[in-house]
Amino acid sequence: MPNLRFTEKPLSEWMKEGGDHSDVVISSRVRIARNLVQHPFPIVASAEQAEEVQGQLIGALSSEPVQSVGPFEPIILKELDDVDKEVLMEKHLISPSLINDSRAGAVLLAEDESVSIMLNEEDHLRIQCLYPGFQLQEAWERASAIDDAFEKAVNYAFDTHRGYMTSCPTNMGTGLRASVMLHLPALAIMNQVGRILSAVSQVGLAVRGLYGEGSEAIGNIFQISNQITLGLSEEEIIDNLRSVVLQIIEYEQHARNRLLTESRLRITDRIMRSYGILCYATMMDSKEAFQRISDVRLGVDLGLIDKTSVTQMNELMIMTQPGFLQKTFGVKMGSGERDMYRAQLIRDKLGNIHVED
Amino acid sequence: MVCQECQKRPATLHFTKIVNGEKTEFHICEHCAREKGELIPGTSGGFSIHNLLSGLMDFDSSNKGQVPGPAVQELQCPECGMTYTQFRKLGRFGCSSCYKTFDDKLDPLLKRVHGSTAHTGKLPGRAGVQIKIRQQMHELKQQLQKSIADEEFEQAAELRDQIRGLEKQISQES
């Protein structure tokens, strides 16, 4: 099994602090779905047909236009062991369905992991750009440039009336899904999240948990994305999402200010307790870890705690996932042991903060 | 008989799948069949789990209440073999030709999902180039007609060569 450097380090570019509004917006992501003409879509393709598409797209990597937006390293899913696949998923570089449902699945990764291009997921090509903070426009421009480069090397399925042809009708037209990962602890503490998020879903946007479709919102992290992909231009889709997210950011900041002015002592106590537990606990399940990390992240953002950083909290969020724990400690673990290793990893990381920074 | 998937509910669906001579028997309950529906590839024309369950998922309301008679030939994509029933069941196109095959049925669905039916976003560069070449060709052909009418044969020959060049370009691009 080759040693996969992408699964060794926990911090992708998107997890480092940066970008606009990084106190509320964890990351911005743009995904473009594309398919090739004269090849059946992955859902009906035979193994050979899927391999052929994979070969053609990996072949496109050496074309001049794609090289100029790359380089990308091809990783064939079936050559990876299960832990590596899980880690790539936990880092949001591949989707669960690429692991579970794909024939001849592969991913093309940029060195800094800000770009991951999935092959033979639901569509032949899914170009994803993931940036830290609020950088939707930047992510879209990068994804679009990569799209242009592939378009010079392969034949896309496109129809002037219906747009880019995707396997699922919910993606057709632009094939664009833009999403923003938000950390909304103050709104959650004030019980206002439900109200705001239900308003969001009324304006054609979807709200999901940390790991996309069907996943639960843990650690006060919410993903907001566009639902409509047809009949609007890419710029309109991005602008709509952008303006709604800017409002949510404002609400969250307002709620944070209220917490500081109206219940400073109580919120400080909550954050410090969570920090203490992260530093000293010997067992911790994933749900608790997310909640404590969320508290401490809020503490850093509010300037109530200076012993750690947002980047470190982002890193912990990923490193405490099952796949990463297994990778880090190199042992197979049941859920009870996992809680022990998770607590150990958090203690180590927080204890070493002064050395690392 | 108990469902072989969940081992809980009674098996109500029994069928045999033969792929490349390999025979597999299925005894499953309706719940598991629905969940597994996408994992069991449908064989075009023949019996498939998708055909059986198509009635359960119906996103094309214009068809509701109409029972398709056996005389009605079902739409089927000539490229990938996906039938309209399968498309409705899976909610996914099988290939780019499905778009043409099912085109007449798409508008109500797209209106419901997206609120509109036509793409207004990005155009691929190459399709853009093709559109440009076609326009250019159209102009050249008009000039050609004119120069023939004016008996300017030298110019006509030149235009003809240019048009041939563009035709070649189009066939290479596509």
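Everything numeric here is computed off the predicted structure, so don't read it as measured data.
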Taking every non-hydrogen atom, the tightest pair across A/His39 and B/Cys95
O-CB, 4.3 Å
Apply the side chain to side chain contact (heavy atoms under 4.5 Å, CB included) test between B/Lys122 and each candidate in A/Thr174, A/Leu176, A/Asp148; give the one that qualifies.
A/Asp148
Quick check: do A/Val44 and B/Glu79 have side-chain heavy atoms less than 4.5 Å from each other?
no
So, the side chain of B/Ser116 versus the backbone of A/Leu230: is there a donor-acceptor pair under 3.5 Å, distance only?
yes
If you count heavy-atom pairs under 4.5 Å between each of A/Asp159, A/Ile237, A/Thr170 and chain B, which one has the most?
A/Thr170
Portion of B/Thr117 that has a non-hydrogen atom of chain A nearer than 4.5 angstrom
both
Heavy atoms from other residues, nucleotides or ligands near CZ of A/Arg242 exceed 12 (cutoff 6.0 Å)
no
List the atom of A/Met165, the atom of B/Ser96, and the distance in Å for their closest heavy-atom pair.
SD-CB, 3.3 Å
Tell me, out of A/Gly163, A/Gly175, A/Pro42, who's got the most heavy-atom pairs with chain B below 4.5 Å.
A/Gly163
Are the side chain of B/Thr120 and the backbone N or O of A/Gly231 linked by a donor-acceptor pair below 3.5 Å?
yes
Heavy-atom pair of closest approach, residues A/Ile43 and B/Phe93:
CG2-O, 3.7 Å
Are any side-chain N or O atoms of B/His114 and backbone N or O atoms of A/Pro169, one a donor and one an acceptor, separated by less than 3.5 Å?
yes
Mind ranking A/Gln38, A/Gln227, A/Met172, A/Glu235 by heavy-atom pairs under 4.5 Å with chain B and telling me who comes out on top?
A/Met172
Measure the spacing between OG1 of A/Thr229 and CG of B/Leu110 and express it to the nearest 0.5 Å.
9.0 Å
One should read off an interatomic distance between B/Met82 CE and A/Phe41 CZ, to the nearest 0.5 angstrom, of 9.5 Å
Per-residue contact mode, A/Glu122 against chain B (heavy atom under 4.5 angstrom)
side chain
Is it true that A/Arg162 and B/Asp103 make a salt bridge, defined as a side-chain N closer than 4.0 Å to a carboxylate O?
yes
